[in-house]
Amino acid sequence: MRQSRLFPRTIRREPAGAESVNHKLLVRAGFIDQLMAGSWTLLPLGWRVVARINRIIREEMNAIGGQEMLMPLLHPRSVWGETGRWGSAKDNPLGAKEVMYQFKDIRGREYALSFTHEEIVMDLLRKSIQSFKDLPVSVYHFSTKFRNEPRARSGILRGREFLMKDLYSAHATEADLMEYYEKVKNAYSKIFSRLGFTYRVTEASGGVFTENRTHEHQVLADTGEDTIFYCNTCEWGQNKEIFEGKEGERCPSCKKGKIIKARSIEVGNIFPLGTWYAEKMGVLYTDRDGKRKPVWFGSYGIGPTRVLGALVEVSHDEKGIIWFPQVAPFAVHLIEVKSQKSKVKSFAEEVYNKLSEENIEVLWDDRDVGAGEKFADCDLIGIPVRLVVSEKTGEMVEWKDRTDDRIELFSLHRVIDRLKEMQ
Ligand code: ATP
Ligand code: MG
């Protein structure tokens, strides 16, 4: 990609009203744009990163038998009435009126914009599940969620409209649900490790989804909105919402470690929902003994757009973003330092073409601007490897990692080998 064609340009000044690092850097570097509080466009660079995040999530969902599909976002009131979630939290512990966007059309029909999809999946299941032979089922989609968030600060970490990958599973027995629940928990751990995060898994309450305990994947970040407690020795962890002890105490699980208190960003949440939804919505199957029984249900969510923001919160410096290679929008940022000599231009073009032929994705800064501006934008955008060709470097290419100040000179051949080793 030629940077002279890239939409839009980077921005020098900090966006007005930006409080969080991800908001400031992602907007300035041209990854996202704010339409209104909590509502964001993923610009071409941002969409590239989200596509990489989604690819990692998709691979791990497919590996545990999840089948990808796509469900609607416009839902009739009737389906939400069946579980009572159309109603207010004031009247019913799972009432979700406060978070849903509900409205009437011109003929007075009532709808909601999707804030989650349990009821929609239940409606699908009751049309297709007959016997124990039809179970288990595991389906997921990537789609937009709408939530009337009272505090839509924190940049793209908290949208009123945001992307979610939500997986749903249905089972004949509680044991089968819980076995699958553990598989999803492990798949989530793989995803967040692959994404490069340092995280903890914590027990948490179920909000407007369930009265059961749930598990969250929490990325450790000083700027996070959540507070968690975890053991420095074993896997034990709990969200502040449900933890009753204090920092520094002995771990209630292994009895050896100490409890640490930390700020964090919730990136994933898994819910063992049980039979509550199936009972409310009549999702029954015929068991081996001929009896009709409600299905056991679980739901599992990750927010890819929140992940985008969390990556920036945990990996940046005073100059800009520092992408981990597995999610970077491009593998290489090629800087052509403008010169009177046409040699530099043609060598830059050669480097660009050779790398492209090797399927290495390159952002080529071919713009008519000074070297200082190019280097500043390069650090701001945060691609892992910077290559420079200039009059000074001649037939060689200058290599610098985003995380390192060291500069090395290599032949183009060597550059290609090194980049291929990194892939
Ligand atoms: P929070 O406690 O941060 O408000 P939640 O617990 O209400 O989030 P879940 O219903 O558990 O959210 O959603 C599953 C995942 O979707 C979350 O772990 C997070 O990654 C993402 N997510 C939830 N709300 C938002 C939001 N407003 N903006 C962006 N991503 C979100
Ligand atoms: Mg949650």
Side-chain angles (χ1 to χ4, degrees), residues 20 22-23 26 32 34-42 46 49-50 53-54 56-57 61 85 89 94-96 98-101 113-119 121 140-168 181 184-185 187-189 191-192 195 197 199-219 221 223-228 237-242 263-273 298-314:
S20 55
N22 79 86
H23 183 164
L26 286 169
I32 61 175
Q34 187 175 42
L35 176 64
M36 58 178 175
S39 169
W40 300 91
T41 295
L42 291 171
V49 177
V50 168
I53 294 166
N54 287 355
I56 290 173
I57 298 173
M61 292 297 97
R85 288 213 284 179
L94 301 189
E98 288 73 11
V99 299
M100 284 169 99
Y101 286 100
L113 292 178
S114 164
F115 85 100
T116 183
H117 276 82
E118 282 80 11
E119 279 77 350
V121 175
Y140 72 99
H141 71 169
F142 287 87
S143 79
T144 299
K145 297 281 180 280
F146 299 87
R147 292 187 185 179
N148 202 342
E149 298 277 359
R151 309 159 285 138
R153 284 185 269 112
S154 311
I156 199 154
L157 295 179
R158 184 171 297 286
R160 295 207 165 101
E161 180 179 339
F162 58 94
L163 272 187
M164 199 195 284
K165 181 288 304 168
D166 32 335
L167 171 78
Y168 301 86
Y181 184 81
V184 181
K185 198 194 286 170
Y188 272 33
S189 294
I191 290 165
F192 295 119
L195 288 169
F197 285 127
Y199 62 87
R200 289 290 181 286
V201 182
T202 56
E203 275 190 305
S205 66
V208 297
F209 293 86
T210 179
E211 288 172 346
N212 297 340
R213 292 275 175 94
T214 72
H215 288 91
E216 297 169 335
H217 279 74
Q218 294 274 3
V219 167
T223 53
E225 283 186 13
D226 282 23
T227 301
I228 58 166
Q238 280 190 348
N239 193 305
K240 175 179 149 219
E241 300 171 332
I242 61 167
R263 297 295 290 261
S264 60
I265 302 168
E266 178 199 320
V267 284
N269 201 176
I270 59 175
F271 303 79
L273 298 170
S299 74
Y300 318 87
I302 295 179
T305 43
R306 181 175 288 183
V307 167
L308 170 72
L311 285 164
V312 177
E313 293 291 328
V314 301

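In listed order, ligands and their atoms are each counted from 1.
Polar contact check, Gly303 against ligand 1: a nitrogen or oxygen pair lies under 3.5 Å apart. Ligand 1 has no N or O atom lying under 3.5 Å from any N or O atom of Asp226, backbone or side chain.
In this structure, Gly159 is part of the shell of residues with a heavy atom less than 4.0 angstrom from ligand 1. By the 4.0 Å heavy-atom criterion, Thr214 is excluded from the residues contacting ligand 1.
Taking the six-membered ring for Trp and thresholds of 30 and 60 degrees, Tyr181 and Tyr300 have ring planes inclined between 30 and 60 degrees apart.
The proximity of Tyr300 to ligand 1, defined as any non-hydrogen pair under 4.0 Å, does not occur for either the backbone or the side chain. By the criterion of a heavy-atom distance under 4.0 Å, the backbone of Leu157, and not its side chain, is placed next to ligand 1.
Using a 4.5 Å heavy-atom threshold, the side chains of Thr214 and Glu203 count as separate. In this structure the side chain of Val307 reaches within 4.5 angstrom of the side chain of Leu195, judged on heavy atoms.
The contact set between ligand 1 and Val267, taken as ligand atoms under 4.0 Å from a residue heavy atom, comprises 18 (O), 20 (O). Using a 4.0 Å cut-off to heavy atoms of Phe209, the atoms of ligand 1 that qualify are 10 (O).
For atom 1 (P) of ligand 1, the nearest non-hydrogen atom from the set Glu149, Arg151, Arg158 belongs to Arg158. Among Glu266, Glu225, Arg306, the residue whose heavy atom lies nearest to atom 3 (O) of ligand 1 is Arg306.
In terms of protein heavy-atom proximity, atom 13 (O) of ligand 1 is nearest to Met164 CE, 3.5 Å. Nearest to atom 7 (O) of ligand 1 among the protein's heavy atoms is Arg147 NH1, 3.2 Å. Atom 24 (N) of ligand 1 has Phe162 CZ, 3.4 Å as its closest protein atom, hydrogens excluded (heavy atom only).
Phe209 is linked by a ring-ring contact (aromatic ring centres under 6.0 Å, His included) to Phe271, counting only residues two or more places apart in sequence or in another chain. Considering only residues two or more places apart in sequence or on other chains, Glu225 meets the salt bridge (Lys or Arg N to Asp or Glu O under 4.0 Å) condition with Arg151, Arg158. In this view, Tyr188 and His217 satisfy the ring-ring contact (aromatic ring centres under 6.0 Å, His included) rule, not counting sequence neighbours.
Side chain to side chain, His215 and Asn269 fail the donor-acceptor criterion of an N or O pair below 3.5 Å. Glu98 and Asn148 form no side-chain donor-acceptor contact under 3.5 Å, judged by distance and modelled atom types alone. A donor atom on one side chain and an acceptor atom on the other are found under 3.5 Å apart for Thr223 and Glu313.
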- Message: Determine whether Glu118 and Arg85 satisfy the following criterion, salt bridge (Lys or Arg N to Asp or Glu O under 4.0 Å), listing intermediate values before the conclusion.
- Response: CA-CA 11 Å; Glu118 282 80 11; Arg85 288 213 284 179; 2.9 Å; yes
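If you run side-chain contact (heavy atoms from CB on, under 4.5 Å) between Phe197 and each of Val219, Ile191, Ile265, only Val219 comes through.
For the Mg ion (ligand 2), protein N, O or S atoms under 2.8 Å: 2 in total.
Pairing each heavy atom of Val201 with each of Ser189, the nearest pair is CG2-OG, 4.2 Å.
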